[in-house]
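Order of appearance sets the numbers: ligands from 1, and atoms from 1 within every ligand.
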Amino acid sequence: MSKQGAAATGEGIDWWSILTDRAFLENPYDELKRLQALGPVHLDEASGVYFVLGHRAFLKVAKSSELGRDTRHWKNGWTAPDYRVHDPVGYRLFSEFQPQMINCDGAEHARMRKVYEPAFRSQAVRDVGALVEAEAAELLDAMPREGTVDFIEAFAGPLPLRVLCKLFDIPQSLDETVARWSASLIRIGDILMTPDQKSEALEALTEFKAFLREHVAARRARPGDSLMDLAIRAHDDGTLDEEETLTNLVSMLVAGHETTVTLIGNGLLLLLRHPGEMVRLRADRNLLRTAIEEFLRMEPGGNMILRVAREDVEVEGTLIPAGAPVLGLVGAINRDPARFERADEVDIGRPANAQLTFGSGPHVCIGAPLARLEAHIAFSALLDRYASIELAGEPEWRLDRLNARGLGRLPVRVGGAA
Ligand code: HEM
């Protein structure tokens, strides 16, 4: 095994300057390709973060029992001895966001994940189809038959949140509030947060939990079969304590929202930028399933997937020491030429697409079947409704997040409504 960091290539690269650069946020792929060509695993000496850009290397990282998702093992992270003194707001934010499945490993993780697993099995998700179809139809009915519209505002933005609120029995009138809380909290995935962002996220977390505490109490009086009831039952039978119940609920609502907006928005942009693929999809709707995998591969939405080494571990010749944070850069991993033929080409019929946008291993996205279903229904409904959809202006990427590559605006001209 190599000496710590010795095999990690790319020393001298100013990683965080690159990752936060405006031009990179607008289009990261050329830069990621350049970095990937230097090697699959890199240590950033300045921050102590190991960046993983190779597909095979990331699979090992995601699946290895020596690495987990529990940030309490991060040697210089929020549980470091004097972190609490230097950054009391950050400490409160991370400790109050801690008790949830994504932040735990092993038996603790399995106990929490098991609560929600029944809701995401294929039959259960298929049963949600009618609800997603109804929400998609309502949004399309509100769009013009012909004319120009911002696709994010009119369709991709509201659909996933409406679905989540229905699934968790949260009144639609609270859509905007939940969206605001969610937008503040999703920044935790950015790793780098400013003090203001931490304060805002902590406020959102406190309000979100207070709302859910009341909502859970009210719901207990009139039980049903929503995902909220699943969480309540797990609390009442002692599987989850109160903080775990609330934090997992917050996390579900955050994790399932913007990610799915991004899949639908980025997916449409890919089709608009590759009109031949749009024609192909219209001609053969059976391609929709592989098309969605290709959207996920080419424009993953989430840029980074975190692990923390619990023990020393070797990945592709680099020793990652216990306590080190590791970030998989999905935009590079999904276009690794060692894994994908014609890696930079959009092919909606790509067979056996091994994209890793939902992660891998024990923490692989539990909501992936729901996200795929929503995307499937969204694109089916959209293509059924309009015979023509074209770009009507420059799309605008949101540049205020590191770990969410999504569109703030996607102007489209629609026509030929059925
Ligand atoms: C396109 C949409 C989505 C993307 C790209 C996405 C991506 C991810 C990723 C990368 C992870 C971490 C995987 C890992 O560490 O290996 C994850 C975990 C998770 N996701 Fe998603 N997600 C999406 C939709 C959803 C939805 C719809 C929900 C729920 C309603 C959801 C809930 C979760 C939860 C609870 C976890 C933690 C799982 C665990 O730790 O066991 N996600 N997701």
Indicate every side-chain donor-acceptor pair of residues 366-383 with a distance under 3.5 Å to a residue at least two apart or in another chain.
unit_1: Arg372; atom_1: NE; unit_2: Glu293; atom_2: OE2; d: 2.7
unit_1: Arg372; atom_1: NH2; unit_2: Glu293; atom_2: OE1; d: 2.9
unit_1: Ser380; atom_1: OG; unit_2: His376; atom_2: O; d: 3.1

Plane angle bin for Phe51 and Trp15 - parallel if under 30°, tilted between 30 and 60°, otherwise perpendicular
parallel

Value for CD (Glu390) from OG1 (Thr148), rounded to nearest 0.5 Å, stands at 9.5 Å

For Arg280 and His274, which I'm curious about, is there any donor-acceptor pair between the side chains at under 3.5 Å?
no

Are the aromatic rings of His55 and Phe340 close, with centres under 6.0 Å apart?
yes

Does Asp141 CG have over 12 foreign heavy atoms under 6.0 Å away?
yes

Between ligand 1 and the protein, find all N/O pairs closer than 3.5 Å and give the distance for each.
unit_1: ligand 1; atom_1: 15 (O); unit_2: Arg307; atom_2: NH1; d: 2.7
unit_1: ligand 1; atom_1: 15 (O); unit_2: Arg307; atom_2: NH2; d: 3.3
unit_1: ligand 1; atom_1: 16 (O); unit_2: Arg307; atom_2: NH2; d: 2.7
unit_1: ligand 1; atom_1: 16 (O); unit_2: Ser360; atom_2: N; d: 3.2
unit_1: ligand 1; atom_1: 16 (O); unit_2: Ser360; atom_2: O; d: 3.3
unit_1: ligand 1; atom_1: 40 (O); unit_2: His363; atom_2: ND1; d: 2.6
unit_1: ligand 1; atom_1: 41 (O); unit_2: His109; atom_2: NE2; d: 2.6
unit_1: ligand 1; atom_1: 41 (O); unit_2: Arg113; atom_2: NH1; d: 2.7

